Amino acid sequence: MTPAVPITCTKADLTPDFRDQYLATYRQMQSSRVLEEKLGSLYRAGGRIVGGVYLGRGQEAFSASVAMQLRRGQDVYAPLIRDQAGRMAFGEPITDALRTYMGAATGPMRGRDGNIHRGRPQEGEMAMISHLGAMVSVVAGALFAKRLRGTIADAVGATSIGDGATSTGSFHEAINMAAVEKLPIIISVANNQFAYSTSNDRQFACEDLIYRARGYGVAGWKVDGTDLAACLKVARSAVAAARAGGGPQLIVGTMLRLGGHGEHDDAAYIPDEVKFSKVGQDCLLVAEKFMIAEGWATKAEIDAWLKEARATVDQAVSLVSKEPIPDPYRESWQALSSSELVESWQL
Amino acid sequence: MSVTYLEAIREAQFEALRSDPNVFVYGQDIGQFGGAFKATKGLAREFPGRVLDAPISEDAMVGMAVGAAVEGARPIVEMQFADFSSVGFNQIVNQAATLYWRTNTPCPITIRLPSGGTAGSGPFHSQSMESIYAHYPGLVILTPATVEDAYWMLLDSVKLDDPVIFCEHKFLYYHLKAESFGEHSLPIGKARVARPGRHATVVTYSAMVHEALRAADELQMEGYQIEVVDLRSVKPMDTDTILGSVARTGRLLVVGESFPWGGVSAEVISRVSTEAFHMLDAPPMRLNSKDTPIPYHPNLWKAHRPTVGSICDALRRLLRF
Ligand SMILES: Cc1ncc(C[n+]2csc(CCOP(=O)(O)OP(=O)(O)O)c2C)c(N)n1
């Protein structure tokens, strides 16, 4: 088999509309990077963040590009571990992230779950469980129900997954099922070369994950995940194809996780040859160079956006830091919504 | 005219589909074929697009149901056999069961498990999974023993805003008949005294209710009146009804078809020992299957699970103490 060729942008793709979305996406990526840097330092400082911190550094372009195509309230989105940028692009407030990381009583998860395990399912943002691969079928189910209830119109669902999680049975079952039902789902595989410490060669044996699309009977798109222009082009095309009734779309992006699996991990297992190769370049820097070269933004403008993003994050951190932590005496300790079925027996 | 337990399951799904357009049924071979046990016979024709064949993907089937529930649907998932729900275990206990608690989003799904043994079914088509699922917070576990309960409890399950594991017993599918589906009498979560007595209490559920009733008939000839409590719902567990019965009889035997280690029978005994130790005239006993996989040959199978004979023996020992 010949290697799959990634889709790239040409001059003709760079329309004014494309430029506007590029700039808007870049700003989400930048805000995401700023927030994640803050989360990292809060983690190292110790204190309010009780659990781990898992960052999407290096995956912002790939993550945000798909989410930028979604409409909150109509479309469904199940972000995963490295989708801070996508979450922002989907309209998740910064406070949802901070409150969940800090376990604040005020956040959507109310101290019951933490870090990346957050969402607002009733607004179409699913809250991932840890078990990898498990969210794909949930998005498929939400789309199925929209179709059943006649509310689907041109809605789509999107979810992300890592190279490692494509090895789960759950992933395989769900993508196959979505294909059988011809659901408008976009599944983005971020091949960041490592699943925790395990490299691709210990994860799968096929030459390129994109070849799986053929086997599942779904459309496949391969892209350089460090190139925002290419990511946007692919995301726009794939989402449009799903909206138009083209069934599931599998996007495979390549990049490097620019950090550890979590902030506890120094990723010493990533060889320098990979770190300093093309796959290891930082999508934010690539985008900055591109915007300046195209004359879409100046260095001064980019710096001003950065300042603004930092101020927004600092403000949110100081707000959330003062918020109450959950109180075990006020906690309902009720796992069922049907109160009458909660056992009064003290288990 | 009489109706079977299986017809009750089918008719309840018919009624659920008829009365609420948000209900759909998803499972292997349940469409045009009507299911491995024919529990959805004819439903695909009556409700086009709402009774659908699923790929052999128990994980994805349950995940799909959870996503659909978030969007306002009320899915019924049929596992072809309870045993195969182990492949969907993660989605059941980690996705469905945690959704409400984590995100304040109700999760109205019903997962039907054709459960329990029939002769010749062997290790992988005979399991009873209620104890496994009952261990996890966030699930309701129902184990109907009668035609009436099969019908009304299934309808109740679909209306409930929480995930229900509906354990329907395969042995009862064809064997158990009633005149009609009767009336909706007891709500979910309430046990039923299936037979009043005063010398000992048998707490049980599902197919074992019928074994216990026959054992009670036999012991009657020996001069004992055995009270049989049908739990109906193993989670929540109606502890008050159990304690009320033990208060009357002073003796307790718990019977379950599932494996002996831990489980529903251990839970009943733990509650009674903690709360009603002073009411007991004898140490509480339990009878479950043997601690091996479920055997294939009828000779072995009958010896593996509790039966009228082994329940009578256990009761005699309990009454002699
Ligand atoms: C089913 C399951 N097994 C193991 C884990 C533990 N785990 C969490 S993240 C991870 C690596 C995931 O790698 P990949 O899917 O490539 O995503 P990445 O972290 O690289 O974004 C592992 C093994 C898990 N969350 N779920």
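Each chain gets a letter, A, B and so on, in the order the sequences are listed, and its residues count up from 1. All figures in this text were calculated on a predicted structure; none of them were measured in a lab.
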Please determine whether side-chain contact (heavy atoms from CB on, under 4.5 Å) holds for the pair A/L341 and B/L160, giving the CA-CA distance in whole Å, both sets of side-chain angles, and the decisive distance to 0.1 Å.
CA-CA 10 Å; A/L341 295 187; B/L160 207 67; 3.5 Å; yes
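A donor-acceptor pair is defined here as one N or O able to donate and one able to accept, closer than 3.5 Å; such a pair exists between the side chain of B/R102 and the backbone of A/M128.
Around atom CD of B/E46, more than 12 heavy atoms belonging to other residues, nucleotides or ligands sit under 6.0 Å away. The environment of B/E183 atom CD is sparse: at most 12 non-hydrogen atoms of other residues, nucleotides or ligands sit within 6.0 angstrom. Within 6.0 Å of CZ on A/R71 lie more than 12 heavy atoms contributed by other residues, nucleotides or ligands. Heavy-atom neighbours of B/I132 CD1 from other residues, nucleotides or ligands within 6.0 Å: at or below the threshold of 12. No more than 12 heavy atoms of other residues, nucleotides or ligands shown are found within 6.0 angstrom of NE2 on B/H135.
With a 4.5 angstrom heavy-atom cutoff, B/Q91 touches chain A only via side-chain atoms. Heavy atoms of A/V136 lying under 4.5 Å from chain B are absent altogether. The contact between B/L52 and chain A is made entirely by side chain atoms (from C-beta outward), counting heavy-atom distances below 4.5 Å. Proximity to chain A (any heavy atom under 4.5 Å) is shown, for B/V62, by neither the backbone nor the side chain. With a threshold of 4.5 angstrom between heavy atoms, A/E125 does not approach chain B through any atom at all. Neither the backbone nor the side chain of A/R147 comes within contact range of chain B; no heavy atoms are under 4.5 Å apart. For B/P137, the parts sitting under 4.5 Å from any heavy atom of chain A are the backbone and the side chain alike.
Between chain B and the options A/Q122, A/R149, A/M109, heavy-atom pairs under 4.5 Å are most frequent for A/R149. Chain B forms more heavy-atom pairs under 4.5 Å with one residue of A/R120, A/Q334, A/E181, A/R118 than with any other, namely A/Q334. Ranked by heavy-atom pairs under 4.5 Å with chain B, the first of A/A142, A/A145, A/S170 is A/A142. Counting heavy-atom pairs closer than 4.5 Å to chain A, the top-ranked of the candidates B/P55, B/P108, B/G88 is B/P55. Counting heavy-atom pairs under 4.5 Å between each of B/N94, B/V70, B/V66 and chain A puts B/N94 at the top. For the options A/D113, A/I129, A/L143, heavy-atom pairs under 4.5 Å to chain B are most numerous at A/I129. When each of A/A140, A/A174, A/P121 is checked for heavy-atom pairs under 4.5 Å with chain B, A/P121 comes out on top. The most heavy-atom pairs under 4.5 Å with chain A, out of B/P75, B/A97, B/G72, B/G138, come from B/G72.
A distance of 5.5 Å separates CD in A/E343 from OG1 in B/T239, rounded to the nearest 0.5 Å. Between B/Y26 atom OH and A/F144 atom CZ the span is 7.0 Å, to the nearest 0.5 Å. The CG atom of A/L336 lies 11.0 Å from the CG atom of B/D161; values are rounded to the nearest 0.5 Å. Once rounded to the nearest 0.5 Å, the distance linking OG1 of B/T103 with CD of A/E123 reads 11.0 Å. B/N104 CG to A/S337 OG: the interatomic distance, rounded to the nearest 0.5 Å, is 9.0 Å.
Under the side chain to side chain contact (heavy atoms under 4.5 Å, CB included) test applied with B/D59, the options A/E173, A/H131, A/H172 reduce to a single match, A/E173.
Listed here is the closest heavy atom pair of A/L148 and B/A73: CD2-CB, 4.4 Å. Shown here for B/Y100 and A/R110, the closest heavy-atom pair between the two residues is O-NH2, 4.2 Å.
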